[in-house]
Amino acid sequence: MILDFPKTKKLRIFTVEDDFDFAYLIQTTLNREKDMTVVGHAASEKEALFKLSSLPVDLVLMDLNLSSSPSDGILAGRHIRLKTDAKLVILTAYEEPATIIEACKQSFASGYIFKSHFEALPENLRRMATGATPQLALIRSLILSDLSAAEQSVLNLMLGAKITLRSSSKTISNQKNSILRKLGLRNQEELIHLFRHYLL
(Lines give C-alpha, C1' and ligand atoms only; values in the text may rest on other atoms or scores of the structure.)
Protein backbone atom coordinates (compact mmCIF):
# COMPACT_ATOMS: atom_id res chain seq x y z
CA MET A 1 0.00 0.00 0.00
CA ILE A 2 1.37 3.44 -0.95
CA LEU A 3 0.61 6.09 1.65
CA ASP A 4 0.08 9.74 0.80
CA PHE A 5 2.24 12.15 2.80
CA PRO A 6 1.40 15.84 3.26
CA LYS A 7 3.05 18.63 1.27
CA THR A 8 5.47 16.60 -0.83
CA LYS A 9 3.40 13.40 -1.01
CA LYS A 10 6.64 11.62 -0.19
CA LEU A 11 8.24 10.82 3.11
CA ARG A 12 11.38 12.95 3.29
CA ILE A 13 14.16 11.04 5.02
CA PHE A 14 17.56 12.22 6.21
CA THR A 15 20.22 9.69 7.19
CA VAL A 16 22.97 10.07 9.79
CA GLU A 17 25.40 7.22 9.21
CA ASP A 18 29.23 7.17 9.20
CA ASP A 19 29.47 4.00 7.11
CA PHE A 20 29.20 5.44 3.59
CA ASP A 21 28.59 2.06 1.96
CA PHE A 22 25.68 1.38 4.29
CA ALA A 23 24.38 4.93 3.81
CA TYR A 24 24.39 4.32 0.06
CA LEU A 25 22.50 1.07 0.55
CA ILE A 26 19.86 2.91 2.60
CA GLN A 27 19.56 5.62 -0.03
CA THR A 28 19.18 3.25 -2.98
CA THR A 29 16.75 1.03 -1.07
CA LEU A 30 14.46 3.85 0.06
CA ASN A 31 14.60 5.80 -3.20
CA ARG A 32 13.16 2.78 -4.96
CA GLU A 33 9.99 3.25 -2.93
CA LYS A 34 7.36 5.41 -4.66
CA ASP A 35 6.40 7.19 -1.44
CA MET A 36 9.88 7.91 -0.08
CA THR A 37 12.90 10.03 -0.90
CA VAL A 38 16.24 10.41 0.87
CA VAL A 39 16.79 14.17 0.88
CA GLY A 40 20.17 14.26 2.59
CA HIS A 41 22.90 12.49 4.51
CA ALA A 42 25.47 13.31 7.17
CA ALA A 43 28.26 11.34 8.78
CA SER A 44 28.40 13.31 12.04
CA GLU A 45 26.22 15.30 14.41
CA LYS A 46 27.80 18.61 13.38
CA GLU A 47 27.22 17.96 9.69
CA ALA A 48 23.67 16.77 10.35
CA LEU A 49 22.67 19.85 12.34
CA PHE A 50 24.15 22.14 9.70
CA LYS A 51 22.27 20.48 6.83
CA LEU A 52 19.03 20.04 8.77
CA SER A 53 18.91 23.74 9.66
CA SER A 54 17.71 24.52 6.13
CA LEU A 55 16.32 21.22 4.89
CA PRO A 56 12.66 20.17 5.36
CA VAL A 57 12.68 16.62 6.70
CA ASP A 58 9.96 14.33 8.04
CA LEU A 59 12.14 11.65 9.54
CA VAL A 60 15.79 11.32 10.57
CA LEU A 61 17.23 7.81 10.43
CA MET A 62 19.96 7.89 13.07
CA ASP A 63 22.81 5.41 13.48
CA LEU A 64 23.87 5.01 17.11
CA ASN A 65 27.40 3.92 16.33
CA LEU A 66 28.98 7.17 15.13
CA SER A 67 32.06 6.39 17.19
CA SER A 68 33.26 3.62 19.48
CA SER A 69 30.31 4.15 21.82
CA PRO A 70 26.53 4.46 21.29
CA SER A 71 26.48 7.42 23.68
CA ASP A 72 27.63 9.77 20.89
CA GLY A 73 24.77 8.66 18.68
CA ILE A 74 22.28 9.08 21.51
CA LEU A 75 23.47 12.62 22.20
CA ALA A 76 23.44 13.49 18.50
CA GLY A 77 19.89 12.18 18.18
CA ARG A 78 18.77 14.24 21.16
CA HIS A 79 20.28 17.42 19.70
CA ILE A 80 18.63 16.74 16.35
CA ARG A 81 15.25 16.29 18.07
CA LEU A 82 15.70 19.58 19.91
CA LYS A 83 16.72 21.50 16.79
CA THR A 84 14.28 20.08 14.22
CA ASP A 85 10.63 19.08 13.85
CA ALA A 86 11.52 15.70 12.36
CA LYS A 87 10.76 12.38 13.97
CA LEU A 88 13.84 10.41 14.98
CA VAL A 89 14.20 6.69 14.25
CA ILE A 90 17.24 4.90 15.61
CA LEU A 91 18.90 2.46 13.22
CA THR A 92 21.32 0.26 15.09
CA ALA A 93 23.38 -2.90 15.12
CA TYR A 94 23.07 -2.94 18.92
CA GLU A 95 20.28 -5.28 19.98
CA GLU A 96 20.79 -5.34 23.75
CA PRO A 97 17.47 -4.26 25.34
CA ALA A 98 19.15 -1.99 27.92
CA THR A 99 21.04 -0.10 25.20
CA ILE A 100 17.94 0.34 23.05
CA ILE A 101 15.79 1.49 25.97
CA GLU A 102 18.35 4.05 27.08
CA ALA A 103 18.90 5.29 23.53
CA CYS A 104 15.19 5.77 22.84
CA LYS A 105 14.55 7.51 26.16
CA GLN A 106 17.52 9.83 26.05
CA SER A 107 17.10 10.83 22.40
CA PHE A 108 13.28 11.10 22.54
CA ALA A 109 13.04 8.84 19.51
CA SER A 110 9.85 7.76 17.77
CA GLY A 111 11.12 4.24 17.21
CA TYR A 112 14.05 1.98 16.46
CA ILE A 113 15.01 -0.50 13.74
CA PHE A 114 17.71 -3.15 13.95
CA LYS A 115 20.16 -3.27 11.06
CA SER A 116 19.71 -7.04 11.05
CA HIS A 117 16.07 -6.41 10.00
CA PHE A 118 17.04 -4.15 7.11
CA GLU A 119 14.62 -5.79 4.67
CA ALA A 120 11.71 -4.41 6.70
CA LEU A 121 13.09 -0.85 6.74
CA PRO A 122 10.66 0.79 4.26
CA GLU A 123 7.52 -0.62 5.87
CA ASN A 124 8.71 0.21 9.39
CA LEU A 125 9.44 3.79 8.37
CA ARG A 126 5.96 4.15 6.87
CA ARG A 127 4.36 3.07 10.12
CA MET A 128 6.50 5.36 12.24
CA ALA A 129 5.92 8.34 9.98
CA THR A 130 2.15 8.14 9.68
CA GLY A 131 0.92 7.76 13.22
CA ALA A 132 1.06 6.19 16.64
CA THR A 133 2.81 2.83 16.86
CA PRO A 134 3.36 0.36 19.71
CA GLN A 135 7.02 1.43 19.76
CA LEU A 136 6.05 5.10 20.15
CA ALA A 137 3.69 4.27 23.02
CA LEU A 138 6.38 2.15 24.68
CA ILE A 139 9.03 4.87 24.43
CA ARG A 140 6.59 7.42 25.86
CA SER A 141 5.80 5.14 28.80
CA LEU A 142 9.52 4.55 29.41
CA ILE A 143 10.14 8.29 29.56
CA LEU A 144 7.19 8.80 31.91
CA SER A 145 8.38 5.97 34.17
CA ASP A 146 11.09 8.27 35.50
CA LEU A 147 8.43 10.65 36.83
CA SER A 148 6.21 10.26 39.87
CA ALA A 149 2.42 10.12 39.44
CA ALA A 150 2.15 13.71 40.66
CA GLU A 151 4.86 14.82 38.22
CA GLN A 152 3.07 13.09 35.37
CA SER A 153 -0.04 15.14 36.16
CA VAL A 154 2.02 18.33 36.17
CA LEU A 155 3.63 17.25 32.90
CA ASN A 156 0.19 17.00 31.30
CA LEU A 157 -0.53 20.50 32.58
CA MET A 158 2.73 21.78 31.06
CA LEU A 159 1.75 20.19 27.77
CA GLY A 160 -1.53 22.10 27.69
CA ALA A 161 -4.02 19.71 29.27
CA LYS A 162 -7.04 21.40 30.84
CA ILE A 163 -6.76 19.93 34.31
CA THR A 164 -7.00 21.30 37.84
CA LEU A 165 -4.42 20.27 40.40
CA ARG A 166 -4.99 20.49 44.15
CA SER A 167 -1.35 21.15 44.97
CA SER A 168 -0.14 24.61 45.90
CA SER A 169 1.45 26.81 43.26
CA LYS A 170 4.82 26.41 45.02
CA THR A 171 4.54 22.63 44.93
CA ILE A 172 3.58 22.66 41.25
CA SER A 173 6.51 24.97 40.49
CA ASN A 174 8.87 22.60 42.29
CA GLN A 175 7.44 19.65 40.38
CA LYS A 176 7.91 21.45 37.07
CA ASN A 177 11.57 22.02 37.90
CA SER A 178 11.91 18.38 38.93
CA ILE A 179 10.42 17.20 35.63
CA LEU A 180 12.81 19.33 33.59
CA ARG A 181 15.77 18.16 35.68
CA LYS A 182 14.87 14.47 35.36
CA LEU A 183 14.40 14.76 31.60
CA GLY A 184 17.55 16.84 31.16
CA LEU A 185 15.72 19.81 29.63
CA ARG A 186 16.28 23.52 30.08
CA ASN A 187 12.76 24.88 29.86
CA GLN A 188 9.10 24.18 29.12
CA GLU A 189 9.52 25.12 25.46
CA GLU A 190 11.95 22.22 24.96
CA LEU A 191 9.52 19.92 26.76
CA ILE A 192 6.60 20.89 24.52
CA HIS A 193 8.75 20.55 21.41
CA LEU A 194 9.99 17.07 22.29
CA PHE A 195 6.62 15.71 23.38
CA ARG A 196 4.70 16.84 20.30
CA HIS A 197 5.30 13.40 18.74
CA TYR A 198 4.19 11.61 21.93
CA LEU A 199 0.73 13.17 22.19
CA LEU A 200 -1.08 9.91 21.44
Side-chain angles (χ1 to χ4, degrees), residues 1-5 8-45 47-48 51-52 55 57-81 84-145 194 196-198 200:
M1 177 179 66
I2 302 300
L3 300 175
D4 189 35
F5 293 93
T8 64
K9 295 186 178 180
K10 281 193 175 185
L11 175 60
R12 299 166 297 187
I13 302 166
F14 187 94
T15 60
V16 184
E17 168 65 64
D18 64 346
D19 182 332
F20 288 96
D21 290 336
F22 193 69
Y24 179 75
L25 176 62
I26 295 171
Q27 179 181 359
T28 54
T29 299
L30 297 183
N31 281 344
R32 284 198 296 264
E33 302 294 320
K34 294 181 180 179
D35 56 349
M36 296 182 181
T37 180
V38 176
V39 297
H41 167 261
S44 68
E45 175 189 343
E47 182 184 5
K51 290 182 176 180
L52 288 167
L55 188 63
V57 172
D58 300 304
L59 189 150
V60 173
L61 193 56
M62 178 81 213
D63 179 28
L64 280 187
N65 194 22
L66 295 179
S67 65
S68 59
S69 168
S71 60
D72 287 345
I74 294 172
L75 188 60
R78 184 185 183 91
H79 290 160
I80 287 170
R81 281 285 285 111
T84 75
D85 292 327
K87 290 184 176 181
L88 181 77
V89 175
I90 291 171
L91 180 64
T92 178
Y94 296 101
E95 297 192 13
E96 299 85 355
T99 300
I100 299 303
I101 288 171
E102 189 67 16
C104 289
K105 286 174 59 178
Q106 293 299 322
S107 66
F108 292 87
S110 290
Y112 62 89
I113 299 171
F114 295 137
K115 289 185 176 181
S116 61
H117 298 168
F118 185 81
E119 70 282 353
L121 180 62
E123 187 57 36
N124 282 331
L125 292 182
R126 286 188 187 97
R127 291 172 182 166
M128 293 175 188
T130 55
T133 65
Q135 278 194 10
L136 186 69
L138 174 61
I139 294 168
R140 183 180 187 274
S141 68
L142 289 170
I143 294 170
L144 295 181
S145 69
L194 290 175
R196 60 189 293 266
H197 294 319
Y198 296 127
L200 307 178

Next item on the list: Would you check, one step at a time, whether the test side chain to side chain contact (heavy atoms under 4.5 Å, CB included) holds for L91 with K115?
Entry: CA-CA 6 Å; L91 180 64; K115 289 185 176 181; 3.9 Å; yes
Next item on the list: Would you mind reporting whether Q106 and R78 have side-chain heavy atoms less than 4.5 Å apart?
Entry: yes
Note to self: Could you report the tightest heavy-atom contact between I74 and S107, atom names first, then the distance?
What the structure shows: O-CB, 3.7 Å
Note to self: Does any part of the side chain of R127, heavy atoms only, come nearer than 4.5 Å to the side chain of Q135, both counted from C-beta?
What the structure shows: no
Notebook entry, point to check: Are a donor atom and an acceptor atom from the side chains of E95 and S116 found within less than 3.5 Å of each other?
Noted result: yes
Notebook entry, point to check: E47 side chain to A43 main-chain N or O, any donor-acceptor pair under 3.5 Å?
Noted result: yes
Next item on the list: Please examine the side chains of D58 and V39, heavy atoms only from C-beta on, and report whether any two atoms are closer than 4.5 Å.
Entry: no
Notebook entry, point to check: Rounded to the nearest 0.5 Å, how far does CG of D72 lie from CD of E45?
Noted result: 8.5 Å
Check: Out of curiosity, C104 SG to I143 CD1, how far, rounded to the nearest 0.5 Å?
Finding: 8.5 Å
Checklist line | L136/S110 under side chain to side chain contact (heavy atoms under 4.5 Å, CB included): CA gap, chis, key distance, verdict | finding: CA-CA 5 Å; L136 186 69; S110 290; 3.9 Å; yes
Notebook entry, point to check: Should T92 and I100 count as side-chain neighbours, where that means a heavy-atom distance under 4.5 Å?
Noted result: yes
Check: Is there a side-chain contact between L125 and V89, using heavy atoms and a 4.5 Å cut-off?
Finding: yes
Next item on the list: Could you check if a side-chain atom of D18 sits within less than 4.5 angstrom of a side-chain atom of S44, using non-hydrogen atoms only?
Entry: no
Next item on the list: Give a yes or no on whether the backbone of K87 and the side-chain of R81 come within a donor-acceptor separation of less than 3.5 Å.
Entry: no
Checklist line | Derivation of the side chain to side chain contact (heavy atoms under 4.5 Å, CB included) call for L61 and V16 | finding: CA-CA 6 Å; L61 193 56; V16 184; over 6 Å; no
Note to self: Centre-to-centre under 6.0 Å for H41 and F20, is that the case here?
What the structure shows: yes
Next item on the list: Kindly state whether the ring of F118 and the ring of F22 have centres lying under 6.0 angstrom apart.
Entry: yes
Checklist line | Non-neighbouring partners of T28 that pass side chain to side chain donor-acceptor pair (under 3.5 Å), sequence neighbours left out | finding: none
Notebook entry, point to check: Is any side-chain heavy atom of I113 closer than 4.5 Å to a side-chain heavy atom of M128?
Noted result: yes
Next item on the list: Taking only Lys NZ, Arg NE, NH1 and NH2, and the carboxylate oxygens of Asp or Glu, determine whether E33 and R126 approach each other closer than 4.0 Å.
Entry: yes
Check: From T37 OG1 over to K34 NZ, what is the distance, rounded to the nearest 0.5 angstrom?
Finding: 15.0 Å
Notebook entry, point to check: How far does OG1 of T15 sit from CD1 of I13, to the nearest 0.5 angstrom?
Noted result: 9.0 Å
Checklist line | Nearest-0.5 Å distance, NE2 of residue H117 to CD of residue E119 | finding: 7.0 Å
Item checked: Rounded distance (nearest 0.5 Å) linking atom CD of E17 with atom CG of L64 -> 10.5 Å
Check: How far apart are the closest heavy atoms of M62 and A76, and which atoms are they?
Finding: CE-CB, 3.6 Å
Next item on the list: Check the angle between the aromatic planes of F114 and Y112 and answer parallel, tilted or perpendicular using the 30° and 60° thresholds.
Entry: tilted
Notebook entry, point to check: Hey, which of L30, L59, N31 is the one that makes side-chain contact (heavy atoms from CB on, under 4.5 Å) with M36?
Noted result: L30
Checklist line | Residue pair V38 / F14, side-chain heavy-atom distance below 4.5 Å | finding: no
Next item on the list: Take I80 and L52 through the side chain to side chain contact (heavy atoms under 4.5 Å, CB included) test and state the conclusion after the steps.
Entry: CA-CA 8 Å; I80 287 170; L52 288 167; 3.9 Å; yes
